[in-house]
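Accompanying notes for the structure given below.
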Amino acid sequence: MSKSRAERGICELYQEDPERADYLVFGRRAERDRRGFLKGAGLATMGAMLGATIPFHRNMPAGLIPAALAEETELELFKGKDGLTLLNDRPINAETPPHLLDDAVTPNNRHFVRNNGTLPEMALKMDASDWRLTVDGAVNNPMELSLDDLKSKFPVVKLKLQIECGGNGRAAFNPPAKGNQWTLGAVGNAEWTGVRYRDLLQAVGVKDSVVYTAHYGMDGHLSGDPDKLPISRGVPIAKAMEEHCLVAFEMNGEPIPALNGFPVRTVCPGWPGSTSQKWLRRIQLRDVVHDGPKMTGSSYRVPGFPVAPGTKVDKKDFEIIESMPVKSLITAPQTNQSVASRTLEVRGQAWAGDRWVQSMDISYDFGASWQKAELDPPPNPFSWQQWRSEISFPQAGYYEIWARATDNDGIQQPFAINWNPKGYLNNSMHRIAVTVTA
Ligand SMILES: Nc1nc2c(c(=O)[nH]1)N[C@H]1C(S)=C(S)[C@@H](COP(=O)(O)O)O[C@H]1N2
Ligand SMILES: [Mo]
């Protein structure tokens with residue numbers, strides 16, 4: 001994976017070329033005086049990001065990354081994640097290698113992290129006493145709820161729900177697409193405890209004119225500008241009314257980890273992870289399609305028709321991604337292992353957005369023939385499904401195992417990537433390498 005394609009972290013940028021990093025972070029306005037010290041608007045921007053003026057700014061060497069911006073705390077939190085690959089340190093973005101996604105329910109310390117901004121104080125402190133959720137907009141009775149209200153005024157449910165980032169698999173795009181270079185692991189299937197999204201909507205009384213929801217979180221914009229939101233997405237009202245959409249306050253029986261949205265987040269399973277707003281503070285009901293940051297332009301959108309790799313697509317031809325496509329992972333064995341046996345159990349997970357997985361096929365002869373794997377039904381809709389299959393290799397040597405899921409509409413994972421400009425929805429088959437020595 002080439003570095004230039006990656007969305008890089010602030011620390012790495014500063015390490016490589018501090019002056020250029022200043023320029024990138026503080027923009028055109030990173031003007032300097034003759035001795036190289038930041039001045040004018042650039043200095044003001046740095047001050048705004050730090051939330052204070054800098055009395056000794058004349059002593060700050062050019063290209064010094066202010067320690068407060070290095071997000072040590074967030075990196076510390078990341079260290080609690082077990083074996084995840086860090087793709088970016090500001091904002092924190094980390095994925096799970098497939099062999100660590102072998103569990104039916106993804107543990108908190110193995111759930112991927114996709115942040116667009118900086119963590120809110122409340123999550124860093126893990127203290128929800130001041131937390132309130134506002135539900136307003138085109139409703140009859142706007143509400144403000146505390147965490148206790150949420151837990152006591154509505155039925156509480158527990159569901160295993162898969163969340164996958166719309167950009168999972170982007171690293172394989174050619175020509176490459178900008179953004180985090182996710183390979184396979186921007187997906188997880190935790191057990192979420194919360195209230196049904198629709199119970200909240202029924203309590204506020206949604207007006208007939210409502211077409212879309214809008215989600216607002218407490219995370220900060222990378223610029224430090226308090227008036228800017230890193231991301232604010234939503235879903236059509238019909239999706240929010242679907243009984244498996246949650247406003248969740250626990251992940252695997254514990255408060256939601258800071259990096260994954262403490263204290264409360266939406267979980268809109270089967271749709272791009274970006275619809276599952278973390279650090280939730282407000283749900284607004286709208287009578288137009290929500291137009292918050294990352295809803296418009298080409299964010300989380302693909303052309304409404306297939307395009308050849310590299311095609312420049314007109315903005316008006318992009319459509320919002322709704323259900324994610326059918327997909328699967330091989331979680332055991334880990335790729336590139338030697339096995340001293342002619343028989344091997346292969347296992348993995350499969351999921352299909354709003355649909356479910358009907359069958360699972362495995363090939364160990366580069367797709368010339370396929371064998372059916374045993375496939376579990378989902379424990380509840382929108383959970384991923386576990387599958388397994390026993391392979392008997394004819395002789396020693398190098399093999400590839402390919403996995404292919406088919407959803408209940410008969411749609412099958414492709415071998416090749418369905419290219420689109422922003423690198424979304426890569427559901428091409430997962431392949432692993434195995435060397436048989438017996
Ligand atoms: N407030 C807020 N919510 C957010 C994001 C964010 O940056 N801020 N990222 C979204 C994206 S793009 C994804 S894929 C999921 C990832 O959830 P996770 O970090 O718990 O895996 O959170 C979504 N919710
Ligand atoms: Mo995402």
Side-chain angles (χ1 to χ4, degrees), residues 7 71 74 77-78 80-81 84-88 90-96 100-101 106-123 131 133 161-170 177-182 185-192 194 213-222 228-235 245-252 254-283 290 292-295 299-302 320-321 324 353 422-426:
E7 201 178 78
E71 303 299 349
E74 293 191 17
L77 286 171
F78 165 72
K81 293 277 182 182
L84 268 63
T85 311
L86 189 65
L87 301 182
N88 190 346
R90 184 186 157 86
I92 301 259
N93 283 286
E95 68 173 330
T96 319
L100 298 181
L101 289 172
T106 310
N108 290 355
N109 65 354
R110 289 189 176 167
H111 199 279
F112 78 101
V113 179
R114 196 296 184 239
N115 291 348
N116 289 269
T118 56
L119 255 62
E121 278 296 306
M122 195 180 289
W131 181 83
L133 174 66
L161 301 170
Q162 66 84 10
I163 296 180
E164 181 180 18
C165 181
N168 195 21
R170 177 180 290 137
K178 282 203 204 101
N180 286 294
Q181 296 299 303
W182 304 110
V187 61
N189 192 65
E191 183 178 62
W192 298 94
T213 71
H215 305 149
Y216 300 88
M218 300 181 288
D219 43 340
H221 193 270
L222 289 177
K228 281 193 184 157
L229 303 173
I231 183 168
S232 168
R233 304 199 68 233
V235 291
C245 275
L246 300 186
V247 173
F249 48 78
E250 275 178 14
M251 184 175 179
N252 295 320
E254 287 168 21
I256 300 174
L259 288 172
N260 299 99
F262 177 91
V264 173
R265 74 180 297 173
T266 61
V267 181
C268 297
W271 284 37
S274 51
T275 60
S276 293
Q277 189 91 22
K278 302 193 279 189
W279 312 293
L280 187 69
R281 64 175 170 83
R282 178 183 179 204
I283 296 173
H290 183 44
K294 310 256 162 138
M295 276 303 302
S299 292
Y300 300 104
R301 289 174 182 236
V302 290
I320 300 174
I321 300 169
M324 293 289 286
K422 297 290 292 278
Y424 296 123
L425 305 181
N426 178 6

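Note that ligands are numbered from 1 as they come in the structure, with each ligand's atoms numbered from 1 the same way.
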Residue [X] vicinity, atoms of ligand 1 by number, heavy atom under 4.0 Å:
X      : result
Asn116 : 5 (C), 6 (C), 7 (O), 9 (N), 12 (S)
Asn115 : 7 (O)
Tyr300 : 12 (S)

Considering non-hydrogen atoms of the protein only, which is the closest contact for [atom], and what is the distance?
atom                    : value
atom 9 (N) of ligand 1  : Arg114 O, 3.1 Å
atom 10 (C) of ligand 1 : Ser274 CA, 3.6 Å
atom 6 (C) of ligand 1  : Ile231 CG2, 3.4 Å

Could you pull out, from [options], the option with a heavy atom nearest to [atom]?
atom                    : options                        : result
atom 14 (S) of ligand 1 : Gly217, Gly167, Cys165         : Cys165
atom 15 (C) of ligand 1 : Gly273, Ser276, Pro91          : Gly273
atom 22 (O) of ligand 1 : Arg265, Gln277, His111, Arg233 : Arg265
atom 1 (N) of ligand 1  : Lys278, Arg281, Glu95          : Lys278

**Asked** What pair of heavy atoms forms the shortest contact from Ile256 to Met251, and how long is it?
**Response** CG1-N, 4.0 Å

**Item:** Nearest heavy atoms of Gly234 and Thr275, plus distance in Å
**Value:** O-CG2, 3.9 Å

Can you check whether [Y]'s main-chain N or O pairs, donor with acceptor, with [X]'s side chain at less than 3.5 Å?
X      : Y      : result
Thr96  : Leu101 : no
Arg170 : Lys422 : yes
Arg114 : Ser274 : no
His290 : Ser232 : yes

**Item:** Atom pair NZ/CE of Lys278 and Met218 - distance to nearest 0.5 Å
**Value:** 12.0 Å

**Separation between CG of Asn93 and CH2 of Trp182, rounded to the nearest 0.5 Å** = 4.5 Å

**Residues in ring pair (Phe, Tyr, Trp, His ring centres under 6.0 Å) contact with His111, at least two apart in sequence or another chain** = none

Using a 4.0 Å heavy-atom cut-off, say whether [X] meets ligand 1 through its side chain, its backbone, both or neither.
X      : value
Phe112 : both
Tyr216 : neither
Asp219 : side chain

